[in-house]
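This report concerns only the one structure given below.
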There are 2 protein chains.
Amino acid sequence: MADLEIRELRYFVALAEELSFSRAAGRLGMAQPPLSKAVQGMERKLGVILLRRSTRRVELTDAGRVLLDQARHVLDAAAAASARTRRAGLPQPRLVVAVKPGGDAGLLADVLARYHREPGHPPARVTVGGWGEQAAELREGAADVALLRDLPDHAGLDHEVLATQPRGVLLPRGHRLAGRGTLRRADLAGEPVPVWPPAGPRHALFRAALDHLPGAAAPEGPEVGDFQQLLEVVALGQGVAFVPLASAALHPRADLVCVPVVDISPSTVVVAWAQTSRSPSVAAFVRAATDAAADISGRHGS
Amino acid sequence: MADLEIRELRYFVALAEELSFSRAAGRLGMAQPPLSKAVQGMERKLGVILLRRSTRRVELTDAGRVLLDQARHVLDAAAAASARTRRAGLPQPRLVVAVKPGGDAGLLADVLARYHREPGHPPARVTVGGWGEQAAELREGAADVALLRDLPDHAGLDHEVLATQPRGVLLPRGHRLAGRGTLRRADLAGEPVPVWPPAGPRHALFRAALDHLPGAAAPEGPEVGDFQQLLEVVALGQGVAFVPLASAALHPRADLVCVPVVDISPSTVVVAWAQTSRSPSVAAFVRAATDAAADISGRHGS
DNA sequence: GGCCAGTGATATCCACCGGGTATTTATATC
DNA sequence: GATATAAATACCCGGTGGATATCACTGGCC
């Protein structure tokens, strides 16, 4: 049962994505024949046909689809192993915390203070990145822990919920519903929802919108790449967006209003970490985060 | 940033476990010098010292400890990739369900019926294994989904709780507390707790016992390897054990009594699966399991 | 304190195989 | 049926993974 090598898995992923031996070989910086041989070797070792190929078409078998998914996990894990080991070997290792601007619900300073109060843990270094990057950073070992909103459902991450925030809908000031004090989601049937981001896994706000609008009554709006574009599209009347009320308050615009929607699930602020890197320092940071959040909500509650 | 190869990670894990180049080389079926060279190559590629070595002692650096942990995850993922791909390539692929005798809370038949009712999914095959094996089977890809009690906290598994069952304490019939109708955990201070299993991650019942008994008041009892041995030890008065009441009812013995303990957390029955293998079939099985559990508890509640 | 046993590092060599080039084979299109 | 394109086959070469032999260092022990 000789197992597969990392190199072979990289080859296979490239091939499965390109569905062409020549193109995949080009992307890998190698010639086509050795790629053919490598894949034949994998099929021999596994005793399984991975690709149905003629001279004109290449397509994955069921087993090939499984291997594509699994290989990505292995490659992530291998990249993470290198990255985390390198970081641990630095003269002064740091706990890398990935945050998104506005995605920490104002908790970051308090969390860091609590984390540093407990001795024996490496100092924290904060990196700022857009949504989606954080999950990738955690999985690939570039970061140890992250504060973010609405965790994507990607496998491999554990999380604790720190806070929930009610969501509203962003509307242009002149919209027929802009004057209402609160809305229910049924009111929004038929409003177009901008697609965000245009490629790859959708942003949680987008998925939330689809989940919350009744049935297929939500036509897809234009594609937007970031939050600013989203605001522009809404201002132009091309779509509506579900955002946390607190987040809307951070970006006030004269031409937009944010109306609370009472019957949709709230946005969550979470602390997340890779399931494969639960070090004592990560645990300490998570504890600091949950303590800080409990303290805040307790203070609000009193 | 050339990444590490699976082969190198296997070498490193063997070396880190043996802490001896010669012994590790022996275990790997190779000679000692190439192992030295391979590890030097890894350190060169990573730019990190993994082992502090003299001619008499070998010990891991901090970075080495990190890599050991990470390498195990990569090797698990790689083994799982091979296993799952092989299984998917079989003429008639199956959904492999790992169950523990008595660990399904009587749900298995109903869950299987519901799963098979939905068309389009491969037929299920049930494998029976002891506790701990199931988690390993899921991580290594030998099984797709498992019904088990008290999920170990190993990383890499997702789960949904299907049911909770109150726990009691097993006592020999002549024990000073055996006549009581119910107990509180304070009553049990000072009772010895058998260690189970003797090596590796502890069984959830054991960890629960330590969590629930006040402070360090619980001396460790003898080591036991399985449930039958645990019953023997308790019968001999060498220790006490926390078990789900339903589980105790399955193994009635004249010389043992099970007394409910009212202030400890209940045992949970969960459906679990590897985070890295969320196929539609797994999702369908999980849905069937939660539906079946909701149905049962609903029927009991009515 | 010096000898010896044991262990890791170095030196050197070989064989295998990962990868390249040239060619053949098969299929879709016109 | 001719042609063009892309995967498979044939063959070759160089790098490297692994083996054997040896050196160098550490630590126990008389």
Side-chain angles (χ1 to χ4, degrees), chain A residues 1-61 63-64 67-68 71 74-75 78 82, chain B residues 1-61 63-64 67-68 71 74-75 78 82:
Chain A
M1 295 297 166
D3 19 41
L4 306 174
E5 286 292 331
I6 295 283
R7 179 181 40 81
E8 296 178 299
L9 295 177
R10 266 207 317 276
Y11 291 177
F12 181 76
V13 170
L15 178 54
E17 284 174 358
E18 298 287 345
L19 288 180
S20 154
F21 281 74
S22 328
R23 279 199 305 277
R27 207 177 97 182
L28 292 165
M30 65 190 294
Q32 169 258 317
L35 180 58
S36 286
K37 264 208 309 186
V39 173
Q40 287 169 15
M42 296 173 72
E43 292 180 324
R44 188 174 34 78
K45 280 193 271 196
L46 292 171
V48 158
I49 302 297
L50 297 171
L51 300 142
R52 203 69 220 154
R53 39 207 191 273
S54 74
T55 59
R56 301 304 273 189
R57 177 161 50 253
V58 173
E59 53 188 12
L60 289 170
T61 62
L67 183 58
L68 173 59
V74 177
L75 293 177
S82 297
Chain B
M1 294 298 165
D3 16 46
L4 305 173
E5 286 293 331
I6 296 283
R7 177 180 42 81
E8 297 179 297
L9 295 176
R10 266 209 316 277
Y11 291 178
F12 181 77
V13 169
L15 178 54
E17 284 175 357
E18 298 286 345
L19 289 179
S20 156
F21 282 74
S22 329
R23 279 199 304 276
R27 207 176 96 180
L28 292 165
M30 65 189 295
Q32 168 259 317
L35 180 58
S36 286
K37 265 208 306 185
V39 173
Q40 288 168 16
M42 296 173 71
E43 291 181 322
R44 188 174 34 77
K45 279 193 272 195
L46 292 172
V48 157
I49 302 296
L50 297 171
L51 299 144
R52 202 71 219 154
R53 38 207 192 271
S54 73
T55 57
R56 300 305 273 188
R57 177 161 49 251
V58 173
E59 53 189 10
L60 289 172
T61 62
L67 182 59
L68 174 59
V74 177
L75 293 178
S82 298

For DNA chain C, determine which residues of residues 22-37 of chain B have any heavy atom closer than 4.0 angstrom to one of its atoms, and list them numerically. B/Ser22, B/Gln32, B/Pro33, B/Ser36
Among residues two or more places apart or on two chains, list those pairs meeting salt bridge (charged side-chain N to carboxylate O under 4.0 Å, His left out) that have a residue in residues 46-55 of chain B. B/Glu43-B/Arg53
To the nearest 0.5 angstrom, please state how far the OG atom of B/Ser36 sits from the CG atom of B/Leu15. 8.5 Å
Using the side-chain hydrogen bond (donor to acceptor under 3.5 Å, both in side chains) criterion, which residues pair with A/Glu17? Sequence neighbours excluded. A/Arg27, A/Arg72
With side chain to side chain contact (heavy atoms under 4.5 Å, CB included) as the criterion, how do B/Leu60 and B/Leu50 come out once you've worked through the C-alpha distance, each side chain's angles and the decisive distance to 0.1 Å? CA-CA 6 Å; B/Leu60 289 172; B/Leu50 297 171; 5.8 Å; no
Can you name the salt bridge (charged side-chain N to carboxylate O under 4.0 Å, His left out) partners of A/Glu5, sequence neighbours left out? none
Give me the bend of the helix from C/dG1-D/dC30 to C/dC30-D/dG1, using the axes of the five pairs at each end, rounded to 10°. 20°
In the 5' to 3' direction, the nucleotides of DNA chain D bounding the stretch that comes under 4.0 Å of a heavy atom in chain A are D/dT5 to D/dT9
Gap between atoms CD and P, on B/Glu18 and C/dT7 respectively (whole Å): 12 Å
Rounded to the nearest 0.5 Å, what separates atom CE in B/Met42 from atom CG in B/Leu67? 5.0 Å
Under 4.0 Å between a side-chain N/O of B/Gln40 and OP1 or OP2 of C/dT10, yes or no? yes
Expressed as a whole number of angstroms, how long is the span from A/Glu5:CD to C/dG19:P? 11 Å
For A/Tyr11 and A/Met30, what are the C-alpha separation, side-chain angles and deciding distance, and is it a side chain to side chain contact (heavy atoms under 4.5 Å, CB included)? CA-CA 10 Å; A/Tyr11 291 177; A/Met30 65 190 294; 3.7 Å; yes
Under the side-chain contact (heavy atoms from CB on, under 4.5 Å) test against A/Val13, which residue among A/Leu28, A/Val74, A/Leu75 passes? A/Leu75
Salt bridge (charged side-chain N to carboxylate O under 4.0 Å, His left out) filter on A/Arg23, not counting sequence neighbours, yields A/Glu18
Heavy-atom protein contacts under 4.0 Å, nucleotides 24-30 of chain C, coded B base, S sugar-phosphate only, - none: --BBS--
Please report, rounded to the nearest Å, how far the P atom of C/dC17 is from the CZ atom of A/Arg7. 11 Å
Across all chains, not counting sequence neighbours, the side chain to side chain contact (heavy atoms under 4.5 Å, CB included) partners of B/Arg57 are B/Ser54, B/Glu59
Those residues that, when tested against A/Ser20, pass side-chain hydrogen bond (donor to acceptor under 3.5 Å, both in side chains) (two or more places apart): none
With sequence neighbours left out, the residues meeting side chain to side chain contact (heavy atoms under 4.5 Å, CB included) with B/Ala63 are A/Thr85, A/Ala88, B/Val48, B/Thr61
To the nearest 0.5 Å, what is the distance between CD (A/Gln40) and CD1 (A/Ile49)? 10.0 Å
